[in-house]
Amino acid sequence: MNKSRRSSRRRSPSIRSDETIDYKNISLLRRFVSEQGKILSRRMNRLTSKQQCLVATAVKRARILALLPFSNNEI
């Protein structure tokens, strides 16, 4: 009974197989960045460690090239 409940709670992966993690894919990277501009954790993103590493590198590259903001402080 406990196993069936756990499997029903599983969510679909946040990255589809046809999507590539790339610094130029801003619409994909924005899903992994919080409103403050921070990279979200693996548990919140539902990514593998390899995917999380690729996302973090891509976000950092996009920030350097001014495709993504470093922070989102609109006060």
Side-chain angles (χ1 to χ4, degrees):
M1 184 176 156
N2 205 5
K3 276 187 177 180
S4 64
R5 194 183 325 150
R6 199 180 306 142
S7 63
S8 65
R9 247 192 290 162
R10 280 190 120 190
R11 296 180 188 146
S12 61
S14 55
I15 295 182
R16 293 194 308 270
S17 58
D18 61 331
E19 290 178 316
T20 56
I21 302 171
D22 191 28
Y23 68 94
K24 292 173 276 189
N25 194 350
I26 299 303
S27 58
L28 175 72
L29 294 180
R30 282 192 190 276
R31 293 194 303 198
F32 305 116
V33 177
S34 69
E35 289 181 13
Q36 292 88 25
K38 296 179 181 178
I39 302 172
L40 295 173
S41 68
R42 257 186 74 196
R43 284 190 300 176
M44 291 183 74
N45 288 337
R46 301 189 312 269
L47 297 174
T48 64
S49 57
K50 194 172 188 178
Q51 288 172 330
Q52 179 71 14
C53 189
L54 289 170
V55 165
T57 318
V59 167
K60 289 172 187 176
R61 284 183 183 161
R63 285 174 176 166
I64 289 170
L65 293 170
L67 300 173
L68 279 176
F70 275 94
S71 63
N72 206 4
N73 298 336
E74 297 169 357
I75 298 172

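In what follows, every heavy atom counts, from backbone to side chain, and hydrogens, waters and symmetry copies are set aside. Along the sequence shown, residues are numbered consecutively beginning with 1. All values reported here derive from a predicted model rather than from experimental measurement.
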>> Quick check: closest heavy atoms across Arg31 and Asn45, and the distance to 0.1 Å?
In response: O-OD1, 4.3 Å
>> Among residues at least two apart in sequence or on other chains, which ones pass side-chain hydrogen bond (donor to acceptor under 3.5 Å, both in side chains) with Arg30?
In response: none
>> Check for me, please, whether Val59 and Ile26 land in the same ILVMFWY cluster - side-chain distances under 4.5 Å, paths through other members count.
In response: yes
> Does Ser34 have any side-chain hydrogen bond (donor to acceptor under 3.5 Å, both in side chains) partners at least two apart in sequence or in another chain, and if so, which?
Replying inline: Gln36
> So which heavy atom on Tyr23 is nearest to which on Leu65, and how close?
Replying inline: CE1-CD1, 3.4 Å
> Which heavy atom of Asp22 sits nearest a heavy atom of Ala58, and at what distance?
Replying inline: C-CB, 3.9 Å
> Rounded to the nearest 0.5 Å, how far does CG of Leu47 lie from SG of Cys53?
Replying inline: 11.5 Å
> Can you name the nearest heavy-atom pair linking Leu28 to Thr20, along with the distance?
Replying inline: CD2-O, 3.5 Å
> What pairs of residues pass the side chain to side chain donor-acceptor pair (under 3.5 Å) test when at least one of them lies in residues 53-65, not counting sequence neighbours?
Replying inline: none
> Measuring from Phe32:CZ to Arg46:CZ, what's the distance to the nearest 0.5 Å?
Replying inline: 9.0 Å
> Going from CG on Leu29 to NZ on Lys24, what distance comes out if it is rounded to the nearest 0.5 angstrom?
Replying inline: 12.0 Å
